[in-house]
Amino acid sequence: MRVTLPDGTELELDDGATGADAAAAIGAGLARAALAVKVDGVLRDLSAPLPDGARLEIVTARSPEALWLIRHDAAHVMAEAVLELYPGVKISIGPPIEDGFYYDFEFPDGVTLSEADFPAIERRMAEHVKAAEPFEREDVPVAEALERFRAEDQPYKVELIEDLVRDQGVETVSLYRNGPFTDLCRGPHAPTTKTVKAFKLQSVAGAYWRGDADRTMLTRVYGTAFLSKEDLEAHLERLEEAKARDHRKLGRELGLFEFSEVSPGMAFWLPRGTTLFNQLVALMRELNEDRGYTEVKTPQVYDSRLWKTSGHWDKYRENMFVTEAEDRQMALKPMNCPGHCHLYAMHPHSYRELPVRYAEPGLLHRYEPSGTLHGLLRVRHFVQDDAHIFCRDDQILDEVVGCIELAFATYAIFGFDVKLELSTRPEQRVGDDELWDRAEGVLRDALDSRELGYVVNEGDGAFYGPKIDFHLTDSIGRSWQLGTVQMDFNFPERFELEYQGADNQGHRPAMIHRAILGSFERFIGLLIEHYAGEFPVWLAPVQAVLLPISDRHAEAATVMRDALAAKGVRVECDDRSESIGRRIREAELRKLPYMLVVGDREVEDGTVAVRRHGSGDEGSVPLDAFAARVADETAARSA
RNA sequence: GCCGGGAUAGCUCAGCUGGUAGAGCAACCGCCUUGUAAGCGGUAGGCCAGGGGUUCGAGUCCCCUUCCCGGCUCCA
């Protein structure tokens, strides 16, 4: 038999040869370094027989797949150690993930695991790694595997096998054994456990079996593994550095916002944070205005009647703050759409005026589960840069595409690299399937017309329509939704929205919900982490600070401050009797873009000595020139 | 909401197996009058998250509540 190597050369092998044989045929060094093979692009064990005519690639520590492989190995080694240290543990699944691996366990009653238990588990793992236990694959009939895991009292494995039989009709399953530990596993694995030299357990967490909140809560142990101790150390260091960018820490240090027990999940914005917030509101107003949106303002609290019309009372009430006044049931708005629909319906509309685009930086309240709150990234009180477009059928595609383009144009200002998701009809929904077919089709067409890549999240849409979401990851790799474009034929029906057509008849408009930043709160949280608190000039709450060298320069500096402020520069004057070194240090720590030192020379010449954050003294410039520079940078929203 | 872990001065954190709370920074008051990342001295500051219990005695042990952290489910 023969196989083809990545460089195109062909290799002649005995029939039944394995990946290991192939590696050995190429060279002894490669044979030693080989961890697995890729056969026609699929990762396989080194010990698996190769099919004739395969495209073959030897996977070594240098291959991109190597980390995935050894993290999977590490998960098995961890399960092995946990099973030994905690007899009676039930094992479920343990896959490699981005940056590491985890394994989900069910511990016996009364046993809880905490990070304090990690050293003992890690020690046991290290012993198994040192022993270089081979990973041995065995393909066994389903009946035998079931019998085995039933005998071992491993109900999760039994369930997994039963589901494989039911859903995929499998007749055999593969088991992997390392040392005394055997796991149901698709594989592949490295030849032995010895490649798992550099690993670390990181955290324990709860996780529902099969991600189902109605099922058992398992104990998930997260860890990571690398091919070398150096790589592991570097990774742990990166995590430490990421913590320094955490928006919750920077938000407090930079005096942007606070949280308090008296209002969980709702931010208190300090003056500087509010300035930042308002810059973004101004940006969105400008962008919206350029694209034909008109701003509206709608109420906070509505009679439950409105929420019954929209469907929120049925499908969304769990997430709403409900209250009572004058014997009426009222609720704070969790979304702006019903208010906007109601507003649209209050006046007749002609086909000539469509599309109607109502924008509103709308304050929303959502009663989010307590365990999900997370700094500014998940709150109960937030402002959405929301808009609703009411349009004719023939305008839908252009409008959806326009929203997508606005989103990309906006993210480009910040250098955000977003990922797209298309979410389709959920189980909890209003409207018939025909409307959903249409709505999902429009969104797909819009994405395809711009040749945009996206992943599909089946069943993840809003209860009134499918949506395109824009996602961004935070400093430690968690993904958060920013903007959204949602197609909706349901609300126009429920609110009986109409416009008068050229035929003088009433017609139903289509509706598009869209937010670009998503919420200002979440966006600012991500912005803080993105810039590590070093905001560009246009966003910086304080753009410059004047630093008079000594008390005798304070008056001149104060006059300069007022002059700059009059030209729109957000400026402070730090004339405390502290050393200039101290005041520069503090301004640097506050990450202020500009420090303006004023001494004898500057007072004399009407100049300031400009120091840019992070890059030192840039020399003196006339005060007016500095003001012009800041004005330019602010207007351009650059730098 | 669920699982696990936390909560000590404004901030970051000490406080061994129970014996009536400590540091650095910040703050405040002086002095210094300063040329590009910490000048010097002094003062004040805590119902140890809240509530119950065990104990002669609780920041320390137990229970409950609240909030926070890491995940899961859910979501902008």
Side-chain angles (χ1 to χ4, degrees), chain A residues 102 104 106-107 112-117 202-222 246 248-249 252-253 258-265 316 318-319 334-335 362 364 366-380 382-386 423 460 462 467 469-472 476 478 480-484 513 515-523 525-526 547-554 575-589 595-602 609-614 616-620:
Chain A
Y102 68 80
D104 286 349
E106 186 187 353
F107 283 85
T112 56
L113 194 76
S114 79
E115 291 181 20
D117 301 312
Q202 294 177 292
S203 60
V204 258
Y208 297 109
W209 168 233
R210 306 217 126 170
D212 184 343
D214 292 328
R215 304 199 63 178
T216 319
M217 174 68 71
L218 303 172
T219 302
R220 175 170 297 178
V221 180
Y222 283 96
D246 189 308
R248 293 165 296 188
K249 176 178 151 75
R252 190 174 45 236
E253 287 174 1
E258 297 283 356
F259 282 92
S260 162
E261 277 193 29
V262 299
S263 188
Y316 204 78
E318 304 272 283
N319 288 297
M335 296 185 193
L364 306 180
R366 294 187 186 174
Y367 184 58
E368 301 287 355
S370 58
T372 66
L373 302 177
H374 183 94
L376 289 179
L377 300 183
R378 184 77 183 271
V379 287
R380 285 179 171 164
F382 58 97
V383 180
Q384 228 178 25
D385 66 317
D386 208 1
S423 297
D460 236 11
K467 54 185 188 151
D469 292 329
F470 301 85
H471 288 255
L472 186 75
I476 59 171
R478 289 176 290 213
W480 297 91
Q481 183 182 320
L482 258 42
T484 182
H513 308 234
I516 304 299
L517 304 185
S519 79
F520 289 94
E521 282 78 359
R522 176 175 291 177
F523 197 84
L526 292 168
L547 301 172
I549 294 276
S550 75
D551 287 355
R552 70 176 181 279
H553 309 111
D575 56 6
R576 291 173 302 156
S577 301
E578 296 287 353
S579 71
I580 190 70
R582 151 77 71 122
R583 283 175 290 150
I584 283 172
R585 175 181 158 78
E586 289 182 9
E588 287 284 0
L589 290 174
M595 286 144 277
L596 309 174
V597 176
V598 177
D600 290 335
R601 295 194 294 274
E602 289 75 20
V610 177
R611 178 187 167 107
R612 177 87 220 217
H613 170 66
D617 193 353
E618 293 184 358
S620 294

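Per chain, numbering begins at 1; letters A, B, ... match sequence-line order.
Checking the phosphate oxygens (OP1, OP2) of A76(B), a side-chain nitrogen or oxygen of K467(A) falls inside 4.0 Å. For the pair R378(A) and C74(B), the criterion of a side-chain N or O lying under 4.0 Å from OP1 or OP2 is not met. At the phosphate of C74(B), neither OP1 nor OP2 sits under 4.0 Å from any side-chain N or O atom of Y367(A). The phosphate of G70(B) (OP1 or OP2) has no side-chain N or O of S203(A) nearer than 4.0 angstrom. Neither OP1 nor OP2 of A76(B) sits under 4.0 Å from any side-chain N or O of R380(A). Contact annotation: S370(A) side-chain N/O to G1(B) OP1/OP2 distance is under 4.0 Å.
Relative to the side chain of P264(A), the nucleotides U12(B), U36(B), C68(B) differ in distance, and C68(B) lies closest. Listed candidates were U36(B), G70(B), U34(B). Nearest to the side chain of A609(A) is U36(B). Taking every side-chain heavy atom of R366(A) into account, A76(B) is the closest of C72(B), G39(B), A76(B). Listed nucleotides: A76(B), G35(B), G70(B). Nearest to the side chain of R248(A): G70(B). In this structure, the nucleotide among G5(B), C72(B), U34(B) sitting nearest to the side chain of D551(A) is U34(B). With A37(B), G35(B), C72(B) as the choices, the nucleotide that has an atom nearest any side-chain atom of R601(A) turns out to be G35(B). Distance from the side chain of R220(A) is smallest for G71(B) among the nucleotides G71(B), C74(B), C67(B). Minimum atom distance to the side chain of L373(A) is reached by C68(B), of the listed C68(B), U33(B), A76(B). Checking A37(B), A26(B), A76(B) against every side-chain atom of R582(A), the shortest atom distance belongs to A26(B). In this structure, the nucleotide among U36(B), U33(B), G71(B) sitting nearest to the side chain of D617(A) is U36(B).
Using a 4.0 Å heavy-atom criterion, one finds that E578(A) contacts the bases of the nucleic acid, with or without backbone contacts as well. Using a 4.0 Å heavy-atom distance criterion, E602(A) is classed as a base contact. T219(A) comes within 4.0 angstrom of no nucleic acid atom, judged by non-hydrogen atoms across all strands. Counting non-hydrogen atoms under 4.0 angstrom, R215(A) reaches nothing in the nucleic acid. In this structure, D600(A) reaches the bases: a heavy-atom distance under 4.0 Å links it to at least one base atom across the strands shown.
The base of G70(B) has none of its N or O atoms less than 3.5 Å from a complementary donor or acceptor on the side chain of E115(A). In this model, a side-chain donor or acceptor of Y208(A) finds a partner on the base of G1(B) within 3.5 Å.
Two residues are said to be in side-chain contact when any heavy atoms from C-beta on lie closer than 4.5 Å; R583(A) and M595(A) fail this criterion. You'll find the side chain of V379(A) stays beyond 4.5 Å of the side chain of L373(A), heavy atoms only. Looking only at side-chain heavy atoms (C-beta outward), F259(A) and L376(A) come within less than 4.5 Å of each other. In this structure, Y316(A) and M335(A) have side chains that are in contact, with non-hydrogen atoms separated by less than 4.5 Å.
Annotation: G42(B) and C47(B) have their C1' atoms spaced 29 Å apart (nearest Å). Taking atom C1' in both G52(B) and C11(B), the straight-line distance is 32 Å, to the nearest Å. Distance noted for atom P between U65(B) and A9(B): 24 Å (whole Å). Taking the C1' atoms as reference points, A21(B) lies 23 Å from U54(B), given to the whole Å. Nucleotides C16(B) and C3(B) are separated by 30 Å at their P atoms, to the nearest Å. Rounded to whole Å, the C1' atom of U43(B) lies 33 Å from the corresponding atom of G57(B). One P atom belongs to C48(B), the other to U20(B), and the distance between them is 15 Å to the nearest Å. The P atoms of G59(B) and G51(B) are separated by 12 Å, rounded to the nearest whole Å.
Formation of a donor-acceptor pair under 3.5 Å by the R611(A) side chain with backbone atoms of V597(A) is not found in this model. Formation of a donor-acceptor pair under 3.5 Å by the E588(A) side chain with backbone atoms of G614(A) is found in this model.
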Dot-bracket encoding of pairs in RNA chain B, which uses [ ] for pseudoknotted crossings and | for another strand, Watson-Crick or G-U under 3.5 angstrom: (((((((..((((.....[..)))).(((((.......))))).....(((((..]....))))))))))))....
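Between W480(A) and A76(B), no base-stacking contact is recorded for ring centres under 5.5 Å apart and planes less than 30° from parallel.
Here R210(A) does not pair with D212(A) in a salt bridge; the nearest charged N to carboxylate O distance is not below 4.0 Å.
Nearest heavy-atom pair, P369(A) versus R378(A), reported as atom, atom and distance to 0.1 Å: CD-NH2, 4.5 Å.
Screening L472(A), I516(A), D469(A) for a side-chain contact (heavy atoms from CB on, under 4.5 Å) involving L482(A) leaves a single residue, L472(A).
Heavy-atom distances to RNA chain B give each of Y222(A) and G265(A) a nearest nucleotide, and the one nearer the 5′ end belongs to G265(A). The residue among I580(A) and G211(A) whose nearest nucleotide of RNA chain B is located toward the 5' end is I580(A).
L218(A) places its CG atom 21 Å from the P atom of G70(B), with the value rounded to the nearest Å. Rounded to whole Å, atom C1' of G35(B) lies 11 Å from atom CZ of R552(A).
The neighbour count for Y367(A) OH, taken as heavy atoms of other residues, nucleotides or ligands under 6.0 Å away, does not exceed 12.
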